Each structure stands twice: as structure tokens, then as C-alpha cells.
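I have placed the structure first, in the form of C-alpha cells, so that the comments after it can refer back to it.
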Amino acid sequence: MTESIFMDNAATTRTDPEVIAAMQPYGNEKFGSPATLYALGSEAKSAIDGARQNLADLIGADPREIFFTSGATESNNWAIKGVADALESRGKHIITNEAEHHSILMPCRYLEKKGWEVTYLQVDGDGLVDPEAVIKAMRDDTVLVTMVHGNHEIGTIQPIAEIGAAARARKVPFHVNSAQAVGHIPVDVDELSCDLLTVSGHKFHGPKGVGALYVRRGVRITPLLLGGGQERKRRAGTHNVPGIVGLGKAAELARNRLDKEPARLAELRDYIIDSIENNMEDIRLNGHRTKRLPNNVNFSFDGIEGESIMLSLSYPTSRDKKPIYVSTGSACVSGTLEPSHILLALGVPVELAHGSVRVSLSRENTREDADSFLSALYEVVERLRSMSPVYKRGSKKCASGSGSDGCDCEAAT
Amino acid sequence: MTESIFMDNAATTRTDPEVIAAMQPYGNEKFGSPATLYALGSEAKSAIDGARQNLADLIGADPREIFFTSGATESNNWAIKGVADALESRGKHIITNEAEHHSILMPCRYLEKKGWEVTYLQVDGDGLVDPEAVIKAMRDDTVLVTMVHGNHEIGTIQPIAEIGAAARARKVPFHVNSAQAVGHIPVDVDELSCDLLTVSGHKFHGPKGVGALYVRRGVRITPLLLGGGQERKRRAGTHNVPGIVGLGKAAELARNRLDKEPARLAELRDYIIDSIENNMEDIRLNGHRTKRLPNNVNFSFDGIEGESIMLSLSYPTSRDKKPIYVSTGSACVSGTLEPSHILLALGVPVELAHGSVRVSLSRENTREDADSFLSALYEVVERLRSMSPVYKRGSKKCASGSGSDGCDCEAAT
Amino acid sequence: MYTEKVMDHFQNPRNMGEVEDADGVGEVGNPQCGDVMRITIKVDDEERIEDVKFKTLGCGAAIATSSMVTEMAKGKTLDEAEEISKKSVADALGGLPPQKMHCSNLASDGLKKAIEDYRSRS
Amino acid sequence: MYTEKVMDHFQNPRNMGEVEDADGVGEVGNPQCGDVMRITIKVDDEERIEDVKFKTLGCGAAIATSSMVTEMAKGKTLDEAEEISKKSVADALGGLPPQKMHCSNLASDGLKKAIEDYRSRS
Ligand SMILES: Cc1ncc(COP(=O)(O)O)c(C=O)c1O
Ligand SMILES: Cc1ncc(COP(=O)(O)O)c(C=O)c1O
């Protein structure tokens with residue numbers, strides 16, 4: 001059916017046809033704003049209420065604790081800046097970890113410039129944060145702990161419930177960036193003891209441009225977008241009705257699949273990991289082997305560079321092969337000279353960080369896709385290694401160990 | 001064709017079928033993120049580039065000065081908080097006016113709590129800001145002047161070019177909230193001498209949940225949404241590709257209509273205004289008679305309340321009449337006890353502010369719609385006045401004059 | 001937002017107008033708040049409300065609650081009619097939006113005022 | 001992102017490998033930067049580049065520019081080959097994305113180094 005194999009679902013996912021169908025009436029026909037009183041508005045309002053309920057059901061929340069946003073980036077910025085603003089008088093210290101998504105790190109750095117202190121906890125070689133480290137880092141002036149749920153690049157799932165319990169014990173608000181986890185694995189805000197939780201629509205077959213922030217009742221947070229009284233005065237702006245309806249539908253569809261799909265994907269993931277480990281040399285699995293999002297595979301390949309692997313997979317030389325879409329942590333795609341800060345945080349040597357490939361699966365991927373990917377990968381890696389002036393079989397670079405210091409790549413040219 | 005007559009286009013507009021058609025491929029088929037390197041990403045990227053060009057063309061900007069956002073509320077919050085943050089060291093004074101949209105007023109009030117000073121200029125009885133007042137209000141520590149272009153409630157168009165020239169002469173950055181003007185009247189950022197300009201997609205037949213901020217080259221502004229490197233590092237978050245494509249299409253469609261449509265609408269608007277003034281008593285036109293958005297009509301009706309006018313129009317008693325959708329400045333819809341702050345700012349007496357009705361037209365409205373509206377309005381107003389315990393014909397309340405003081409409505413019950 | 005019952009009373013208000021030679025008149029609200037209700041009653045020899053009418057300036061809820069109160073009051077004794085609470089009016093209408101419960105549901109106050117007025121006259 | 005020409009050279013690199021008994025070898029880049037290029041040349045009696053090959057670790061741009069440089073250099077005199085600039089390589093490929101112009105377009109440097117190496121040997 002598809003003419004390509006899409007395995008970059010951590011970047012974005014195909015909007016489910018059922019989601020598109022659910023959104024469809026709200027563009028042209030039922031286009032009213034829910035803030036208005038007449039029939040067209042009421043239709044929009046009840047559609048939004050339904051979506052709110054669906055999303056609440058997916059994460060075990062009360063619908064009144066769901067606030068729709070434009071996506072995970074807004075939710076993360078809001079959570080961090082909003083709690084910081086509301087609790088500034090209590091203290092100016094935030095705890096996070098060094099391997100977070102930029103939409104967490106950048107607001108933290110912004111606050112640092114404003115006089116806040118941020119503790120960036122180290123992660124171990126698998127990308128895990130130690131809950132004990134969180135406990136040790138909490139101070140009387142700590143007003144927020146924010147932790148990613150499932151890492152978007154290496155898939156490692158943090159011990160959120162333990163961290164949550166620790167934060168709760170100290171009465172420190174706890175934010176979880178669950179952009180990659182909601183809709184992929186069971187998420188329950190009470191089990192996780194979290195106070196705020198970020199949701200992204202397009203990461204689980206919902207539409208782009210819509211997300212949500214769960215805010216537990218009683219948690220103090222200053223709005224980021226101020227204006228009209230929408231979202232119970234916490235997030236202004238005319239509702240993106242089709243987007244919200246689509247997010248609700250995606251939540252419903254994901255919930256219906258939660259009993260089987262994570263297991264199916266984990267099997268596919270393990271099949272890919274095992275195959276690579278059994279058939280290839282001088283490779284390194286990045287991220288935790290089992291505490292891992294069911295759809296994430298991330299490997300580094302010694303002696304070659306990630307963008308060229310990715311490009312080779314996506315532009316196959318032979319016409320009877322399907323393009324395969326994956327991503328890489330190489331600097332070549334980040335637009336900077338540095339490879340993924342997440343891989344470096346694990347202690348992956350810089351050259352291996354450049355040579356990383358991330359595969360992220362979705363409900364659309366099959367065992368055949370995995371086989372096509374594997375055979376293409378074997379071929380591509382072999383070909384690129386044959387071109388590489390530095391690759392030497394069995395050089396043991398991939399043994400885990402601390403990263404090298406890096407170099408001044410600008411000067412090196 | 002339509003079974004109702006929609007005249008609440010200042011709240012939101014029907015997404016144009018051509019816009020929906022343009023968006024359609026980017027949900028399910030070309031769903032890639034423009035940040036990715038492979039073919040699916042390039043398609044999304046060029047679609048976004050096209051949309052950026054279309055929007056730039058509509059407002060006379062360079063595409064590199066267009067930054068996509070989630071809507072006018074985000075654009076306004078960003079403009080105000082972002083410029084304030086970037087220029088804080090230069091001064092902490094902002095100038096706006098008292099009849100602004102809440103997405104301007106609330107960020108200003110927020111900054112006031114943070115130690116900023118905001119001058120809320122008075123408007124005259126027609127809602128106009130005096131450019132001389134802006135000149136007088138500017139100080140050495142003024143870092144932003146922000147003015148609405150066309151008022152969403154009373155339609156008054158501010159003398160933006162004069163205000164812009166004044167701000168430019170003092171080198172004070174000038175932001176224009178053009179949510180109601182872009183796509184409705186010709187807008188040229190150079191003619192207006194503005195440095196930032198807010199655009200909203202769903203106000204001119206584009207999709208909900210998408211907008212833009214024009215930022216003139218060289219203007220300093222701190223991002224509001226921090227994270228990934230999208231939008232040249234100024235607005236993070238995975239692009240809402242379908243939304244942005246839709247906004248671009250809406251811009252293109254609006255631009256093609258700018259030579260004829262504003263004139264057609266102004267004629268329709270004047271027909272409605274003249275008919276009401278000729279056929280009804282104890283009424284008051286709110287907003288300037290000619291310096292007015294071509295699609296806006298706003299009247300107050302003595303002795304009755306706006307929500308009941310609106311409801312009566314939208315739920316006609318007879319089956320052969322179409323529901324007509326308009327809005328009101330009455331407190332009954334704002335969810336507060338206060339009627340529209342904009343009407344009060346003009347000096348409209350409180351009771352007349354409660355009795356206001358706003359009609360906002362679009363490209364879909366015809367002369368027949370206007371006639372249907374007028375005959376329905378005459379009937380509804382007469383009926384409600386016959387029910388009113390206070391209405392007395394010819395009481396002259398509608399003569400313009402300063403507003404009454406208002407009362408403590410909570411206590412009055 | 002409004003129930004069907006509210007819309008029915010809004011569109012087809014019962015007992016709209018003024019009772020002639022009213023025995024009691026109650027007016028509540030204030031035009032500056034967007035709500036004024038005027039209830040007029042006719043009381044029979046057994047202190048029953050024989051006739052009751054309203055005139056209302058106000059929103060949909062204000063008109064509907066006015067209409068409903070007159071329906072509920074008609075035929076009741078004054079003592080019974082005084083018991084009509086805001087909540088019972090709202091319930092009879094199938095509920096009101098929360099923000100309307102308070103501000104636009106003054107009709108039972110108007111009725112009480114009309115009854116007081118009647119009592120003060122006699 | 002890349003032009004068709006870049007993709008062609010990336011997918012079908014010309015002159016990949018190592019010249020046997022090379023007269024000059026140039027290596028530039030650093031694995032920690034994700035880019036290493038090794039150019040080997042064979043020079044004939046008239047100081048013309050008779051054969052040239054590359055091995056490259058790097059991104060699409062790095063591989064394509066390496067391939068292109070070898071094509072451009074082949075048959076040129078050393079003096080002519082030394083004139084091959086980053087810009088001329090990028091132009092021959094129909095352009096490179098701005099962020100790639102600098103970091104992944106080292107092949108002409110590699111060629112220069114190989115020529116230097118040749119000269120230092122003789
Ligand atoms: C003048 C004006 N500014 C800003 C906005 C906010 O737009 P949005 O609700 O699309 O964010 C609106 C519409 O609500 C408006 O009319
Ligand atoms: C873990 C994580 N957080 C936040 C985001 C930001 O999401 P969005 O780009 O939809 O705003 C992403 C995806 O890019 C992500 O993977």
C-alpha cells in the first residue's frame with residue numbers, strides 16, 4: 001500500500017484517517033467558536049467537551065484538569081515558566097536532567113538567565129535518572145521537578161512513579177513531559193504522582209498543532225497565553241476546534257489499542273535490536289535495553305556517519321526497494337556542529353554519536369517493514385564502511401565507556 | 001444553500017473549501033515534519049515556504065519576517081512579552097489603549113504586576129486613538145507601542161500609519177494587532193511603519209489554531225516558545241503543516257479579493273447601518289461611521305438586552321425563517337457581570353452596552369442576508385421592547401454622552 | 001447552553017404583560033446590570049394568586065425564569081408562592097448554566113416582592 | 001534539501017577507493033566532527049593528475065563533494081587542481097545547503113593536501 005516505510009514516528013506520525021474524518025465537519029460545516037451561544041457554538045463546545053473527556057480517560061485525569069494547547073512545546077514552556085512564575089516567592093530552584101528535550105532545556109536556561117537555579121541531573125549510561133539523585137537535589141526552595149517520561153531519542157523510560165513519589169513527599173510540583181509516552185504506553189497521572197503532564201497530538205496519530213497540559217487540581221500555574229477566558233481562564237485563544245476534536249479521537253483510538261499494541265511493538269523492537277546485535281559488528285545500542293519505549297530502536301555504527309545512513313535508506317539505489325525513513329543524532333541534521341546532547345549525556349563517544357540511527361515504529365509498521373529495514377541497513381552500513389577511511393573492523397570503540405572530549409570542529413577544518 | 005445566516009465573522013469564519021482542500025494532503029499523505037531530511041520532510045518544507053510567501057505577499061513583508069504561531073492570542077502575547085523581555089534594560093514602559101482586545105490588555109496587566117508601567121490611552125466616542133496622544137505618551141523608557149488595527153467589536157480603524165510614523169520617529173518598536181484587518185482590508189507593513197504585526201488565520205477563512213507574527217528584520221524579541229530550532233529559532237515546536245498551508249491559502253484567496261471585496265462589504269455594511277438608522281428608534285451606532293472595518297456593524301438598542309436579541313435571532317420562532325448568528329457586548333455572554341469594556345471606553349452608558357449587537361459580515365454574506373437580518377431585527381427588537389419593563393419610546397438615552405458609573409451588580413440582586 | 005425548556009419559555013413566554021389593577025407589584029434588578037423584572041399579581045379572597053404576569057428586560061435566562069415563575073405561582077397560595085426558590089425555578093427549567101444561576105434568576109425575588117407589596121397594602 | 005546532482009554523487013560516487021602506490025595522500029577532517037576525507041592521487045610526468053580516488057566518512061554533502069572533487073581534478077595539472085575551491089565544487093553540484101558549505105565541504109582541502117604531500121615527496 002504505502003510506497004515508503006516510515007520509521008520516524010518519534011518525529012511525527014501519520015494522522016489517522018479516523019482522526020481526519022472526525023475533524024472534517026469542524027472546518028467548513030460546524031465551524032463555530034465554542035465561546036458563542038448559538039447552535040453552531042454549542043456543537044463546537046460539545047465536541048470539545050467530548051475530546052477533553054477522551055484525553056482525560058487516556059491518562060486517568062478529570063476532564064477539568066485538561067487544558068488544550070498548540071502542542072508539547074507550548075505545554076512544556078507553559079509548565080516550566082507558569083509554575084516558576086506562580087511559585088517564585090517560594091523559591092527559585094528547578095530540577096531536571098541533562099538529557100531532556102530542548103523544549104524543556106531551553107525554558108530552563110531562560111530562567112537561569114533570570115536568576116533561577118536549575119539542577120541538571122546526570123543520567124547513567126542507559127539514560128536513566130536515579131530517583132535518589134532527585135531526592136538529594138530537592139531543596140527548600142525547589143518549586144518544580146520536571147522529567148521526561150520516555151526519551152524521544154533513545155527511548156529510555158524514566159522511573160517516573162518513584163520520582164513522583166519523592167517529589168510528592170517534599171510537596172514539590174512534578175511535571176512529566178510525556179510527549180512520547182502518552183498514547184504509546186499506559187499513562188496514569190495518579191500512579192505517576194504527577195502534577196502536570198505534557199501531551200502532544202501528532203506523536204500518536206493525532207493532528208499537528210495541538211496538544212495539552214494536564215494540571216492537577218490545586219496546582220498553581222500562571223497562564224502563558226493571556227487573553228480571553230477560554231480553558232477556564234488558563235489558556236486564552238479561540239479554540240482550535242478541529243485540532244482538539246482530532247486529539248480527542250486520537251486519544252480514543254490509542255486507548256482502544258493499549259492492551260495489545262505496546263506488546264506488539266515491543267516484540268518488533270526487540271526483533272530489530274536482536275537482529276542487529278546478532279548480524280552486525282562494531283555497533284552500540286543506545287538507551288536502556290528493556291526500560292524503553294516499545295517503538296524505539298537506537299544504534300550507533302562505528303566508522304560511519306548518521307546522515308549518510310539515513311539518506312541512503314531514504315533514497316534507495318534500486319527502484320524495487322522502498323524508501324525507508326529514519327532519523328539520526330548526527331550533527332549534520334541538527335544544524336549545529338554538535339551531535340545529539342542526549343547521546344553525549346550517556347557517555348557515547350562523539351564519533352559514535354555522529355554515527356547513530358533512530359528507528360521509531362508505529363501501529364502501521366509490520367514485521368515485513370522490519371525485515372526490509374534490516375536488509376537495507378546491512379547493505380548501507382557495509383557500503384558506507386567500505387567508503388570510510390577510518391573504519392577498522394573490531395576496533396572495540398563501541399564498548400561502552402565515557403565519551404571523548406570532543407574537538408573544536410570549526411577550527412579543525 | 002446555507003440553512004442559517006452567519007453574521008458573526010469577527011468571532012470566527014468558515015474555513016474556505018479551497019483552504020481545506022489545500023490542507024488535505026498534509027494530514028495523512030504528506031504528513032512529514034519539515035525538519036526532517038527525507039522526501040516527506042522536503043514536501044512539507046516547501047509547502048511551508050509557499051505559505052510563508054503567500055502571507056508575506058498579503059502584508060507586504062519579506063518571507064523571512066513571517067513567524068507562524070498558534071493564533072493571534074499567541075502572537076499578541078509573544079509580541080508584548082517578547083519585546084518587553086528583550087528591551088527590559090532599555091526601559092519598562094508600554095503604550096496601548098483602553099479599548100484593546102483582552103489578548104493585549106492581559107499581557108500588559110501581567111507586566112504591570114512585574115513592575116512595568118503601561119499607559120492605556122483613552123479613545124474618543126468613536127473609539128479612535130489620537131496620534132498626538134501617542135506622541136505625548138512616549139518617554140525615553142518606552143519600549144513598545146501596541147495598537148489594534150481594526151477593533152473587533154466596534155470596527156473602528158485606528159490611524160495606524162500616523163501612530164507608526166510617530167513611533168518610528170522616536171525609535172520605539174510598534175506592534176499592530178491586525179487580527180481583524182489582515183485579509184479584510186489592504187495591509188502593508190511598510191506603509192503602516194510597524195515593526196510587529198499580528199495575523200490570525202481563522203478570522204479570514206483560514207483554519208483555527210494558526211496565526212503569525214510579522215517581525216521586521218532587526219527588531220529584538222525574545223521567543224515565547226523555546227525549544228527546537230524551528231522558525232529560525234524564534235518559535236519552537238513541530239510545524240503545524242496543514243494549518244500553515246491553510247493559512248497560506250487563505251492569504252492567497254484574500255489577496256485575490258482585496259480589490260473588490262472590501263468595497264462590496266462596505267456597501268452592505270452601510271446599507272445595514274442606514275436601514276437601521278432610518279427605520280428604528282432609540283438606537284445608537286457604536287464605533288466610527290466611516291473609519292470602520294468594512295464588515296462591522298454595531299448598534300445598541302435602548303430598553304432591551306443583547307443576549308436576548310442574539311438568542312431570538314438565532315432561534316427564530318417560525319420554521320420558515322433562517323437562524324441568524326450575531327454577537328453582543330452584553331455581560332451575559334462574557335461570563336462576567338460587566339458589559340464590553342470597549343463600549344464603556346467609548347462612553348456608552350452601561351445599560352446600552354448591555355443592549356448591543358454586533359454584526360460582522362464575510363464574503364459569504366449577500367444583500368438578501370442583510371434584508372433577512374433587518375426584518376428579523378425589527379421584529380425581535382419590537383417584541384423584546386414590548387416585554388421590557390423599562391423601555392420608553394424616545395427617552396433619548398441613546399444620545400451620545402458619557403457612561404454612567406455602573407453599579408455593583410452582584411450586590412444589586 | 002440553555003436547555004430546551006429554557007428556550008421554550010424564552011421563545012414562548014407565558015404570562016407576559018401586566019395584570020390590570022394589580023394587587024401587588026414587585027420590581028427587581030437594575031438596567032445597569034442588564035436585568036429588570038416586574039411581576040404583577042392579582043390575589044383572590046383565599047389569598048391565592050389568581051393571576052400573575054411579568055415584564056422583563058434581560059437575557060434568555062432572565063426571561064425564561066420570569067415566565068416559569070409565573071407558571072409556578074399561578075393558583076398557589078401566597079404562602080406557597082413565597083416558597084418558590086431560585087433553585088426550584090432553575091430545576092423546573094431543566095437547569096441553568098452555572099453563571100446564570102445567580103445573576104439572571106431573580107424572578108422568584110420579584111414574586112416575593114410583589115407578595116410583600118400586596119401584604120403591605122392590606 | 002540536496003540537489004539532484006548531490007544525490008547522484010552521493011548514491012553513485014565516482015572514484016571511490018584508494019589509488020594504488022599513490023604519489024600523494026591528503027587526509028582532512030576528524031571523526032569527532034563526523035567528517036574525514038582521504039584523497040589519494042597518481043601524478044604523471046607532466047604533473048597532471050592521472051588518477052585520483054577518495055575515501056570519506058561523512059554526511060551526504062561530504063561524500064558528494066569528495067566524489068565531485070575527484071571528477072574535477074582528474075586530468076588537470078597540479079597547478080590547475082590547486083585552484084579548485086570549495087565554492088567551485090559546490091557550484092558544480094548545483095549548490096549546497098548553507099549550513100553544509102563550510103563543514104562538509106572539505107574535499108578541495110584534501111586534494112590540496114594530497115598535492116602538497118606529492119610535492120613534499122619529490
Ligand atoms: C482584535 C483581536 N485580537 C486578538 C484576537 C484573538 O484571536 P485568537 O482567539 O484567534 O487567538 C481576536 C479574536 O478573538 C481579535 O478579534
Ligand atoms: C520528548 C518531546 N518533548 C517535546 C516535544 C515537542 O513536541 P512538539 O514539537 O510537538 O511541540 C517532542 C517532539 O518534538 C518530544 O519528543
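Only a predicted model underlies this, so the values are computations on that prediction, with no experimental measurement involved. To find a chain, count down the sequence lines: A is the first, B the second, and so on, and within it residues start at 1.
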Which of the residues [options] is involved in the greatest number of heavy-atom pairs with chain A at under 4.5 angstrom?
options	result
B:G246, B:G41, B:A236, B:P207	B:A236
B:L105, B:D85, B:I244	B:D85
B:N76, B:L225, B:V241	B:L225
B:H101, B:K114, B:K30	B:K114

Checklist entry - Would B:E305 and B:S330 satisfy side chain to side chain donor-acceptor pair (under 3.5 Å), going step by step from the backbone distance to the final call? => result CA-CA 7 Å; B:E305 188 273 343; B:S330 160; 2.4 Å; yes
Next on the checklist: Tell me which of these, A:T222, A:L313, A:I104, A:T73, has more heavy-atom pairs under 4.5 Å with chain B than the rest.
Outcome noted: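 The residue among A:T222, A:L313, A:I104, A:T73 with the greatest pair count is A:T73.
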Item to check | When A:T15, A:V19, A:L226 are compared by non-hydrogen pairs under 4.5 Å with chain B, the top option | outcome: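 Looking at each of A:T15, A:V19, A:L226 in turn, A:L226 comes out on top.
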Can [X] and [Y] be counted as having a side-chain donor-acceptor contact under 3.5 angstrom?
X	Y	answer
B:K208	B:T12	yes
A:T13	A:H202	no
A:H239	A:E231	yes

With a 4.5 angstrom heavy-atom cut-off, could you sort out which part of [X] is near chain A: side chain, backbone, both or neither?
X	value
B:P223	backbone
B:V326	backbone
B:Q24	neither
B:S314	side chain
B:E88	side chain
B:N240	both
B:I80	neither

Checklist entry - Of all residues at least two apart in sequence or in a different chain, which pass the ring-ring contact (aromatic ring centres under 6.0 Å, His included) check with B:Y26? => result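 Per chain and number, B:Y26 pairs via ring-ring contact (aromatic ring centres under 6.0 Å, His included) with no residue.
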Item to check | Pairing residues for B:F67 by the ring-ring contact (aromatic ring centres under 6.0 Å, His included) criterion, not counting sequence neighbours | outcome: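 If we apply the ring-ring contact (aromatic ring centres under 6.0 Å, His included) test to B:F67, skipping adjacent residues, there are no hits.
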Next on the checklist: Between the side chains of A:E3 and A:K322, is the shortest nitrogen-to-carboxylate-oxygen separation below 4.0 Å, so that they form an ion pair?
Outcome noted: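 Salt bridge flag = no for A:E3 with A:K322.
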Next on the checklist: Could you check whether B:E153 pairs with B:R358 (Lys NZ or Arg NE/NH1/NH2 to Asp/Glu carboxylate O, under 4.0 Å)?
Outcome noted: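 Salt bridge: no.
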Checklist entry - Please walk me through it: do A:S75 and A:T69 pass side chain to side chain donor-acceptor pair (under 3.5 Å)? => result CA-CA 6 Å; A:S75 297; A:T69 67; 2.9 Å; yes
